[in-house]
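Okay, structure first, notes after.
Just so you know, ligand 1 is whichever comes first in the structure, and atom 1 is the first atom listed for that ligand.
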Amino acid sequence: MIVTPYSAGCGALVSGIQLATLSDNELTELRAAFAEHGVLFFRDQDFPPAQHLEFAERFGSIVVNKFFKATSEFPKIAEVRKEKTQQTNIGGGWHSDHSYDDIPAMGSILVARTLPATGGDTQFANLAAAYDALSPLLKKRIANLRAVHSNEHIYGENGVYRHTDLAEQLGGMDRVGDATHPVVITHPESGRKVLFVNPGHTIQFEGWEFTESRTLLDELYAHVNQPQFTCSFNWLPGSVTFWDNRCTWHQAKNDYQGQARLMHRITLAGSALTAG
Ligand code: OGA
Ligand code: MN
């Protein structure tokens, strides 16, 4: 297995393995690479849905997303679909998956099934590197804060997706909810401190006024969204991406209007978060 950094501060490309036929030793190596880099990219995988499922179950335990449609054959595989007639895409802004749950998802494994001729990259951000680079003053300001993470403003009755052409493929409007988490967590595998807030789901700091929260959150978000912490992955047939939701953000570029894109996603369960 060869693991090479994908960009200066974000992600790694893993080559020389097939996820569908991974040996136990390779799985151990992969766990270490995952803990070190937070997001792994794979090319040229022969990885049909049954093998996607099998790999996910070897790595961890699966959680099913409350809002996405599943594939007809595999209820644990979610479809991330955009039809060529659709304007709005899923995950078009920076977020991490399931941070609105009391125990947020550990990771997501995304597989390309139908790709546009060009465009449709997924961008990632490294929240451990971003935390390390915060000024001492900012680190102090956020040290003991907690933040509220919600999905209601996205998937709820008046959420941003409800009045778009995505609405009909989403369910679970009545299952919205929120959770609070420490703003700085210690990553359970790497032991690194991580900035655990994201633009998609974090709505405010616990006990703070909304506008005060907004100002500091926007400052943190602008800090993360810099070239030294981010990268963009261009999908090709056979590409797979596996990211850790506790220490990365991602967003799907919506720059392929008039073309279809279909990805398969499996989400893996996490463990309770620890304050950093
Ligand atoms: C997701 C997601 C990004 C993409 O599956 O959680 O945000 O590029 N997808 O499809
Ligand atoms: Mn996502």
- Task: Taking all heavy atoms of Lys76 and all of Leu53, pick out the closest pair and write down the distance.
- Result: CB-CD1, 3.9 Å
- Among non-hydrogen protein atoms, atom 9 (N) of ligand 1 lies closest to Leu110 CD2, 4.0 Å
- Query: Which bit of Asn89 is near ligand 1, meaning a heavy atom under 4.0 Å away: side chain, backbone, both or neither?
  - Reply: neither
- Mind checking whether Gln251 contacts ligand 1 via backbone (N, CA, C, O), side chain (CB onward), both or neither, at a 4.0 Å heavy-atom cut-off? neither
- Message: Given the Mn ion (ligand 2) as the apex, I'd like the angle to NE2 of His250 and OD1 of Asp97, rounded to 10 degrees.
- Response: 90°
- Side chain, backbone, both or neither: which part of Lys253 has a heavy atom under 4.0 Å from ligand 1? neither
- Task: Output, in order, the C-alpha distance, side-chain angles, deciding distance and verdict of salt bridge (charged side-chain N to carboxylate O under 4.0 Å, His left out) for Lys82 and Asp165.
- Result: CA-CA 10 Å; Lys82 186 173 183 244; Asp165 55 7; over 6 Å; no
- May I ask you to list the atoms of ligand 1 that are less than 4.0 angstrom from any heavy atom of His95? 7 (O)
- Query: How far apart are the C-alpha atoms of Glu83 and Arg261, what are their side-chain angles, what is the distance that settles it, and do they pass the salt bridge (charged side-chain N to carboxylate O under 4.0 Å, His left out) test?
  - Reply: CA-CA 7 Å; Glu83 301 289 2; Arg261 181 174 181 272; over 6 Å; no
- Message: Would you say the rings of His181 and Phe196 are close, in the sense that their centroids are separated by under 6.0 Å?
- Response: yes
- Path from Tyr256 to Trp235 over hydrophobic side-chain contacts below 4.5 Å: no
- Message: With a 4.0 Å cut-off on heavy atoms, is Asp97 in contact with ligand 1?
- Response: yes
- Message: Using ring centroids (six-membered ring only for Trp), state whether His250 and Trp243 fall under 6.0 Å.
- Response: yes
- At a 4.0 Å threshold, what atoms of ligand 1 neighbour a non-hydrogen atom of Val80? 5 (O), 10 (O)
- Item | ligand 1 contact on Phe233 by region, counting heavy-atom pairs under 4.0 Å | neither
- Query: side-chain hydrogen bond (donor to acceptor under 3.5 Å, both in side chains) with Gln169: which of Lys69, Arg81, Gln86?
  - Reply: Gln86
- Item | Close-contact set for ligand 1 against Thr122 heavy atoms, below 4.0 Å | 4 (C), 8 (O)
- Could you tell me whether Lys66 and Asp101 have a side-chain N and a carboxylate O separated by less than 4.0 Å? yes
- Note on the structure: If you scan protein heavy atoms around atom 1 (C) of ligand 1, the nearest is Arg265 NH1, 3.3 Å
- For Arg261, the ligand 1 atoms with a heavy-atom partner under 4.0 Å come out as 4 (C), 8 (O), 10 (O)
- Task: Cation-pi check, Arg146 to Phe205: give yes when NZ or CZ is under 6.0 Å from the six-membered ring centre and within 45° of the ring axis, no otherwise.
- Result: no
- Message: Could you check whether any heavy atom of Trp243 sits closer than 4.0 Å to an atom of ligand 1, since that is the contact criterion I want to use?
- Response: yes
- Message: Checking a contact table here: which protein heavy atom is nearest atom 3 (C) of ligand 1, and how many Å away?
- Response: Ala252 CB, 3.7 Å
- Centres of the Tyr6 and His37 rings: under 6.0 Å? no
- Query: What atoms of ligand 1 come closer than 4.0 angstrom to any heavy atom of His250?
  - Reply: 1 (C), 2 (C), 6 (O), 7 (O)
